[in-house]
Each structure stands twice: as C-alpha cells, then as structure tokens.
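For reference, the structure discussed in these notes is given below.
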2 protein chains.
Amino acid sequence: MTVTLADVAARAGVSAATVSRVLNSNYPVAEATRDRVLRAVAELEYVANGPASALAAATSDLVGILVNDVADPFFGVLASAVQSEMSGDGTSGGEKLAVVCNTGGSPERELTYLTLLHRQRAGAVVLTGGATEDPAHTAALAARVARLSAAGTQVVLCGRPPLPAGATAGAGGSAEAPVAGGRAAGAASAAASPASAADAGPAPLTVAFDNRGGARSLTEHLVALGHRRIGCVAGPEGLTTTRHRLEGHRAALATHGIEDVPGRTVHGAYDRASGYAAAHELLRRDEDLTAVVAANDTVALGVCAALREHGLRVPEDVSVAGFDDLPFSMDAVPALTTVRLPLTEAGARAGRLAMGREPAPADGVVLLSSELVIRKSTAPPYS
Amino acid sequence: MTVTLADVAARAGVSAATVSRVLNSNYPVAEATRDRVLRAVAELEYVANGPASALAAATSDLVGILVNDVADPFFGVLASAVQSEMSGDGTSGGEKLAVVCNTGGSPERELTYLTLLHRQRAGAVVLTGGATEDPAHTAALAARVARLSAAGTQVVLCGRPPLPAGATAGAGGSAEAPVAGGRAAGAASAAASPASAADAGPAPLTVAFDNRGGARSLTEHLVALGHRRIGCVAGPEGLTTTRHRLEGHRAALATHGIEDVPGRTVHGAYDRASGYAAAHELLRRDEDLTAVVAANDTVALGVCAALREHGLRVPEDVSVAGFDDLPFSMDAVPALTTVRLPLTEAGARAGRLAMGREPAPADGVVLLSSELVIRKSTAPPYS
DNA sequence: TCACGCATAGAAAGCGCTTTCCATCGCGAG
DNA sequence: CTCGCGATGGAAAGCGCTTTCTATGCGTGA
C-alpha cells in the first residue's frame, strides 16, 4: 500500500505524533529529530493523506472558485487572479489547493458545486458569475451560502452584488426543510436555531463592480460625441448585471433629455452570436442608429461583424462600444471603446479577502470603480 | 456542531451503516427504510463529510485538471471541455468535483499541484500545458506521474506528447531517493521494488495534437500561394510544441526547396506582446518578407499590429497565419488563416479517458489531426 | 544533594465515514 | 411443524491523521 505516517515514524524511529508535528511545524521538535523525520519522509516519498488530515483537523486546504465559464476571458482573467492570490502564489508555504469550478452559468450547477465544496469542507469559496434575480434561486443560494458560512467557510462574492441580507438567515429554515413534521422535528429545530445564531461563522463578503456608473459614463461619452439614436444590446434578462448596466445607460439618456425608445434595446446572451443577431435586429427596427452600446466586448465584436455585413463602417457610420475591456479589445479593428473593469484587482482582492489576508470592510462590500477607455470604435456621428 | 451520519441515523431510527448504504445506494435497503433515511437527511440538511468518506473509502470524488493559464483562451477552452466531461455534465448522478489548477506555466507549480492532487487522493488528473524538454523536469514530472498512477489515479496528458517511456519507471527510484542510506533502507527498497511493479496502476494516457502536420500544411499553403520569404515567430524554446511546429514548418520549406534562413525565425512567448516584438525584429532583419507564420493566434494578433505600424497591410503586403483557431480568430480583421486544433474534442476525450468512460487505445495515445482553415489574412504575395 | 520545572516525545483517543462480518426476521420446503 | 435460506439491518473495526494528555530526561536553585 501507500506509505503512511506510521511508516515514516517507524523509519525515523519516532512516534507518529512526532512526524505529524514536524510536518505541520506547530510544535517544538528537536533539530536532530526533525532532520531524521524529514529524511525518512524524503526516502519514503511520503505524501500525506489529505482526506485523513482534513478529517482529523476538521478543515481542508481546499479553496474553491466558482465561475460561469473558464473559456470566457472575463471569467478566465478573474479566476486567474483569484487563484494566484488564493494559492499563495507559491510564496508562502501554506499550500492551498485553489480550484476553479465551471458552473456553465447554470444556477443548479452553482448550487451543486457549492454543496460539493461544502462537502469537501473547503476553507474558502469565491463566487463569481451572473447573479439571477429569480427570487427562488437567490433564496436557495443564500441558504447554501449561509450553511457554508456556518461551517466556517469564508464566502466572497466577486463581480456580483451582495446577497440580500434577509435571505441569508431566512431562507435556510423555511425553504429547505419542507417536511418539518415528525417526532424529533420540534426538538431538532429548537436546538438548531440558537446554534445557528452562534455558529454564523464568517459573514459573506462582496467585491462588486460599478456597472451602473460604467454604463452611464459610456453612454454619456456617446452623447457627448453627438449621438442621439443609440441602440443597446443588453445582456440576458433577469441578471442583476444586465439590469445595472441598462439602468446606467438609461440614466445617461435621461440626464440629457434623450427619449429611451424601447425598440432600441435588445436582450441577448453574453456572446458573440447574440451580438451579431441583436445588431441585425436593431438595424431592422431602425436603419438610422448612429451608435450601439453592447453588453460586453465579446458582444460588441458580434455587433461589429453584423454592421460590416450591412455595409456600415465602424466608427464612420456607426459607433460601437463594449464593456469589460477584455484583453482582445485593444486588438480588435477598430480597437474597442469600452469600460474597463478592474478584473485583476477584483480577483486579487476577493482572493485575499477569502484567505483573510486583507481586513474586511465594515459593511462587507468593496465597490470597485470602472474606467472609460476611449479607443477607435467610437466617433462623432455622420463623420 | 455539524450534522453527522449518526445524527441522521438517530433521526431516522436506523443505524449509521444503513444511512451510508442509502446514500451510496450500493446495497439493498427496503423502500420504507430508504424513505425514512432520505427524509431525515433532508430535514437535517445533512451534507456528508467528504474527507471522512474519502478516508474510509480510500478514494475521493475529486478530479483535477492542470492548465498553464485559465485566462488564455487555448487553455480556457480545453479546461472547459475537460471539465464538463469529467464532472458528468450534470447528467449522471455520480457527482465529481472537477477542479482546474493554474500552473502559470511554471514547472514547479505543476509538480506542486500534482503532489497536492495526489495528497487529496484525486481519482483522475488531466495534465495539459506546455511540456518542457528539460530532462530534469521531465524526469521529475514522470516520477510524480508514476506515483499518482501507483496510487490508482488515472493520469491523462492532453495537448502534449506522451511521457518518455523509460522515465516513468526509472526516474522515481534514482532521482527521488538520494539519501538511500540508513538501517531500514535496504529492507524498505527491497519491499518497495516488487510492489511498485505490481502497484503500477493505470498507465498514463495521452491525447496529442498533430502540431507538426498542422504547421507543415500551413506553410505549404503559404508556399502554394507563391510565398518564398516566410518569417516564423516560433514559441518559447525548449517546449516540445514549439519544436514540433517548427519542424513542420521546416519540413514544408525543405519539400519545396526553399532555403531555411536562420534569421527568419524568432522565438518568443505565446502572447501578443511577443508577437509584436518578434515581428518588429523580423522586419528589421529582412524588410522583404511576404509572409509570417506565428506561434499561435494570439501571437499572430501581435504580429498584425506590428505590421500595421510599419505601414504594411495584411494580407496585401504581408500574409499572416496563426495556429490553434481560437474563438477570436474568426473575428479578427482580417480573419485569421490558421490551423484548427480540435480543442473541444481533445478536452472531451481526455476527460472521458480519465473517467474510464472511453476505452484506452492500445498504445495509450490518441493523436488528433488538425485542419487548415483558410481565411482572409493570407493571400498571394505582391497582390 | 534533592526537588522542581522545562523541553521533548509518546500513547491514545477520536474525527465521520465505509464495509465486513453477523444477527435477525419471515418465509417456503420437507 | 421445524429447518434453512434470502433479504435486511446492526455492530464494530478500522481508514490515516491530529491533538490532548502524560511521561521522561535534563538542568537548576535551595
């Protein structure tokens, strides 16, 4: 079988306890003994049994990161930043296994992964990805998060809004135990309630982007250039991010007394195909748009492609603006005007917060501001 | 504390053994009993302790995926495919926690993660990322992989060549136990050697790309168009992928009797900045290049940017070809001519192989062929 | 010189689960 | 009517590690 602690102990001529102490270096061990143990470990090529350690110590060195899709640059960059921060970047010796989980944007898989991470007794979890506004899912999510917290796991939401305060405590009890009848039920819940208050554990933290402000400044940039007929390819309906960006866009319009024509807004997914389709639809409804703000950079690329097919030049005929400032945006032709979200900073801070390497803000929320990046895809209309 | 198996058992009025059997459904349990247990589980919101299960069952439901950088689309797409295949895609109930680990391209971190995964007793590991040709690292890697295999973990290499056959067995013993002296040493190794032969476990499998063939067809495409002065921005030196692509390129040149001028090849990293710098360098050396083949699509983007700065149009003045056919390549302007690597298929097959859902080929290697994709960035010279 | 305290290391009790025996029950066969 | 067997469920032994509690050996002050 595999080499165990006992084997190492035997080889080094010490007890298992001593080996454990050497490896976890949290107890005084004489130099000579330590050397002997370390040598035995090397000779035997001993690799500790993680599950056993986790069981005994009641905590594992696993930390999780949930993303919608690693293949999407937005999440890729975010995940990369979070991970390098969480796994200690190889610097500190405290090796954590930072793992990223792909939810594929599915709320169910999100819950599943949260449970799986809970099951693994992960030490921390960073949750990114679109937050749906579906109350049922929000409640279920809040309940899961509350349970993770209760188990001592630090949860950090990144790039999404904080969980509704009430839901955290409320949903767990009501939504999750539909079959509360039975003989022991009364006693159990009576015992559980006070405990849950005490066991609340680390409160969930949040690192969010100022989507509203970013969208607003983007549209204002367009308005400042002279655009009045601005199309909007918004993200999927029912996502807070979508709503916030749309609100920012509308706020800018309102500020400048521009009518918000409903037909000029089309919803779609955060991918190129949606942008392509949406742009065609927008053009079908109104041939005279002079600008289009897209849900994000990827969508903007699709919009540009559709525009080109219509024989329209960007930005001479139609200006196009993206969002996120993904890596490829500066290389697009024309280079995309967009709103830069501090993805790397967000990921890093979320990671640090999760690992307790950065003090949590009083209200538990870090709001990161965005920055308008003006490049070549926007210009005055009719130029 | 947390709810344990025993709590559920008590609540359901059965023994812990029964609860375990219900949850792992691998033993006949009467319908009524099962219902009672399931209800208790729901009421108590029981979440099994993964480490404990893993310890008792001597296997965890963790499966790992190693990549260089999730923020890089190449790995993002690959990881996404592997993961959706490994985590059962939500279809089968056998929930695995498929986790992706970012090595950042560092051989050390690669080894570290392998050890960490071993420590967690991962059920399977898919290893992607550039394979260095450094013998020391290759040996160390082979040794780690051998140990994982010995522990029963199925290892699958994806998008990289198979491990050298000899190294797998050889390196473990010689490279890893430098301090073999000591009283118990003789006995231990005597016992270990026969065991390691028996414990060999599942042999590592490989899913590789035909980099050589792809590069060759790409350069031949250029030659067929009439190009003779072809620059080459190769990947980092010391990587097998780099070497294979370069060999393919040179083979094509040789076939058509075109001299392989050393100065026309420049090495760089797999990123945009390298492509940009390399193109400038290439132009400095030879103003009259009519085409450039890049290490991959991302690099090609950088090459295009540099060319543009030189006032050269693509493809009218200089043709540019990429490699990989990443998602953004079709949207580039001009759309990139490139070699499509079946990333998704590779990831999916690697995932299936790792999970034992697909029979392993006799020689343990699956070679996926590439496909030349001709788009707008290549054209006849001087046109 | 002797007791006392400190620095080390060992013994052993679990951590929560899986799984191998066994015990029990109910039933049809002899 | 009794015996044996299949179908269920329980008891208990670990899995490999951490950690408390305890024992030992030594140096030191009185």
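Because only heavy atoms are used, hydrogens play no part in the values below, and waters and symmetry mates are left out as well, while side chains stay in. All chains are named by letter (A, B, ...) in the order of the sequence lines, taking the proteins before the strands, and each is independently numbered beginning at 1.
Counting only N and O atoms by type, the side chains of B:T112 and B:T115 include no donor and acceptor under 3.5 Å apart.
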Query raised in the report: What string of B, S and - do you get for nucleotides 17-24 of chain D, 5' to 3', if B is base contact, S is sugar-phosphate-only contact and - is no contact with any protein heavy atom under 4.0 Å?
Result: BBBB----
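To the nearest 0.5 Å, the span separating OG1 on A:T2 from CZ on B:R121 amounts to 5.5 Å.
Remark: A:T153 pairs with no residue by the side chain to side chain donor-acceptor pair (under 3.5 Å) rule, at least two apart or across chains.
For the pair B:T4/B:N49, no side-chain contact is recorded, criterion being any heavy-atom separation below 4.5 Å from C-beta on.
B:R352 contributes no side-chain N or O that, together with a main-chain N or O of B:R357, makes up a donor-acceptor pair within less than 3.5 Å.
For the pair A:E31 CD and C:dA7 C1', the interatomic distance rounds to 15 Å; values are reported in whole Å.
Between B:T33 and D:dT8, a side-chain N or O to OP1/OP2 separation shorter than 4.0 Å is absent.
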